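Source: prediction; values computed, not measured.
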Amino acid sequence: MIAIVDCNSFYCSCERLFRPDLEQKPVVVLSNNDGCIISRSDEAKQLGVAMAGPYFKAKPIIEQNDVTVFSSNYNLYGDLSWRVMETLRVMFGTEKVEVYSVDEAFIKLDTTPPTEIENLATQIKNTVEQWTGIKVSVGIAATKVLAKVANRLAKKNKQLTNCVAVIHTETKRIEALKKTNIDSVWGIGFSYAEKLKKHRINTAYDLSLKDIVWCKKHLGGVVGVRLVQELKGIPCITMHDELTDKKMIATTRMFGEAVTDIESIKEAVATYTSRAAEKLRRQNCSAKTIGVFLVTKQQNHNASFNRGATITSHTKLEVATSLTHLLIKPAIAMAERLFQQGTVYKKAGVMLSNIVNDTSVQGNLFVDESTNKQRFLMDVIDNINFSQRDDMLKYAASGTTRNWKMQQLFHSPKYTSRWNELCLVQ
DNA sequence: TCTGGGGTCCTAGGACCC
DNA sequence: TCTGGGGTCCTAGGACCC
């Protein structure tokens, strides 16, 4: 059996942890730049605040109902996420836990006797809540996809389920699948849902009756086959190794306000490159390819949801590296190539790919090897920035004015990761 | 006026190899 | 005039996730 543990309204729960006065009150958390709503407490959901909808559209409801609004505080969420995951690792052992996202983890339960499963689910929920203060829902079933189905049903009716649901019999499986709309199935997004509805497949149960050949043809080949097998109760999606390195690392941001000058673009690109290189070094890797993209601001506003054009460029390095200055140079050159005078930009990003572990970087016959020693300098910079303050040490190319910096009007303190922002008890 | 950020996997098709 | 069979690697693009 496989369990999925999923934190309830995770970002909102994190904010509430240090603001107990907001318990039972409507709370929302906004995306970077205070653009969209990315987390809602149950109370906010009940008021009809839409998920992933733009903040400005929900503003009337928010103001009328005195909803508390937060900008996203990733230092806080990252730290609390670590505590939740660590609790699970202590309970089950590191090798049984697969962290799937900031607020979700799968747990392999191959040694638990079937009669104990239900109790175990409750025990997971209670322990995480007691140790971290974060409420979670637990779904358990024979496959990952079915565990997700169970988890969704557990969350949907919290009073009845106590945030715990187990699918352990054939009857339960069928019942659960019949209650699950096709667009709520893990792995079915907007396009597939539309397609399936045209074929009169409206619930997870309908889909589970389809045969393999059909799924291969209509749901993206092997991906669709795996999904349907899992719905039938046959495990196909394996547990992943925890320690795999990222294959792509990106840092991308909307600008606080539209940008028209090359200097700001270059500063932003240099800053994002530094961030991305930091992430790269944290997993002890180097990248051989660096890409830069700029997104223009859409000028005609007739569409209800408009994205500007994206222009991209990438550079292959002679030798894979994680040294910030070696990455900034080509990044800025690309930014200069992409930039067009007179165009209005709203977003930029840097992507590192072709990532290899530092232990297996392939040398280049024609390139001096000595640059590798500068890795030590990077470690010093990372340590200072991590322990003191972000960007205490930075490259001049990153600039000092930062007019393009994103907007965050409702940021809460970094309660758990900065000494001078600790929660004070009066 | 105002709509996020960071990832994964898979497929098809072209270039190239012996 | 006649022109095989079996591969690999890379890239772009499409789908999905939270």
What contact category does T251(A) fall into here, base, sugar-phosphate, or nothing, at under 4.0 angstrom with non-hydrogen atoms? sugar-phosphate
Indicate yes or no: does K144(A) engage E230(A) in a salt bridge with an N to O separation below 4.0 Å. no
List every contact pair, protein side and nucleotides 9-12 of chain C side both N or O, where the distance is under 3.5 Å.
residue : atom : partner : partner atom : Å
dT11(C) : OP1  : K316(A) : NZ           : 2.7

Look at all strands and tell whether V185(A) reaches a base, only sugar-phosphate, or nothing, counting heavy atoms closer than 4.0 Å. sugar-phosphate
Name the residue from N162(A), T161(A), N151(A), N8(A) that meets the side chain to side chain donor-acceptor pair (under 3.5 Å) definition with S137(A). N8(A)
Check every strand shown and say whether Y55(A) touches a base, only sugar-phosphate, or nothing at a heavy-atom separation below 4.0 Å. nothing
Tell me what V222(A) touches on the nucleic acid: a base, only sugar-phosphate, or nothing, going by heavy atoms under 4.0 Å. sugar-phosphate
Have a look at L219(A) and say if it touches a base, only the backbone sugar-phosphate, or nothing, with a 4.0 Å heavy-atom cut-off. nothing
Contact nearer the 5' end of DNA chain B, comparing G220(A) with M248(A): M248(A)
Under the ring pair (Phe, Tyr, Trp, His ring centres under 6.0 Å) test against Y77(A), which residue among F70(A), W82(A), Y11(A), Y415(A) passes? Y11(A)
Would you indicate what R226(A) reaches in the nucleic acid, counting non-hydrogen atoms under 4.0 angstrom: base, sugar-phosphate, or nothing? sugar-phosphate
Counting side-chain heavy atoms from CB outward, which of dT8(B), dG4(B), dG5(B) is closest to K347(A)? dG5(B)
Does dC17(C) have its OP1 or OP2 closer than 4.0 Å to a side-chain nitrogen or oxygen of K144(A)? no
Paired and unpaired positions of DNA chain B as dot-bracket, Watson-Crick or G-U wobble under 3.5 Å, | denoting a partner strand: ....||||||||||||||
So, is the end of the K217(A) side chain (NZ or CZ) under 6.0 Å from the ring centre of W214(A) and within 45° of the ring's axis? no
K135(A) (side chain) donor-acceptor with V128(A) (main chain) under 3.5 angstrom: no
What's the NE2-C1' distance between H218(A) and dG14(C), to the nearest Å? 17 Å
May I ask you to decide whether E175(A) forms a salt bridge with K178(A), counting only side-chain N to carboxylate O separations under 4.0 Å? no
Salt bridge check: are R16(A) and E43(A) linked by an N-O gap of less than 4.0 Å? yes
Among dG4(B), dA15(C), dG6(B), the one nearest any side-chain atom of I38(A) is dG4(B)
Beyond-backbone contact of T310(A) with L294(A), side-chain heavy atoms, under 4.5 angstrom: no
Does anything in residues 25-35 of chain A reach DNA chain B, meaning a heavy atom under 4.0 Å, and if so which residues? S31(A), N32(A)
Under-4.0 Å side-chain N/O to phosphate OP1/OP2 contact, S191(A) with dG14(C): no
Choosing from dT3(B), dC17(C), dG7(B), which nucleotide comes nearest the side chain of W186(A)? dC17(C)
For the pair F255(A) and W404(A), name the ring-plane relationship: parallel under 30°, tilted 30 to 60°, perpendicular over 60°. perpendicular
Please report the distance, rounded to the nearest Å, between CD in E194(A) and P in dA15(C). 12 Å
CD (Q340(A)) with more than 12 external heavy atoms under 6.0 Å: no
Out of dG4(B), dC16(C), dC18(C), whichever nucleotide has its closest atom nearest the side chain of M254(A): dG4(B)
Under 4.0 Å between a side-chain N or O of K148(A) and OP1 or OP2 of dC18(C)? yes
Atom-pair distance (CD1 on I249(A); P on dG6(B)), nearest Å: 11 Å
Both R253(A) and K247(A) contact DNA chain B. Taking the nearest nucleotide for each, which residue is further toward the 5' end? R253(A)
Are D79(A) and K414(A) close enough for a salt bridge, meaning some N to O gap below 4.0 Å? no
F106(A) and Y100(A) aromatic ring geometry - parallel, tilted or perpendicular at 30°/60° bounds: perpendicular
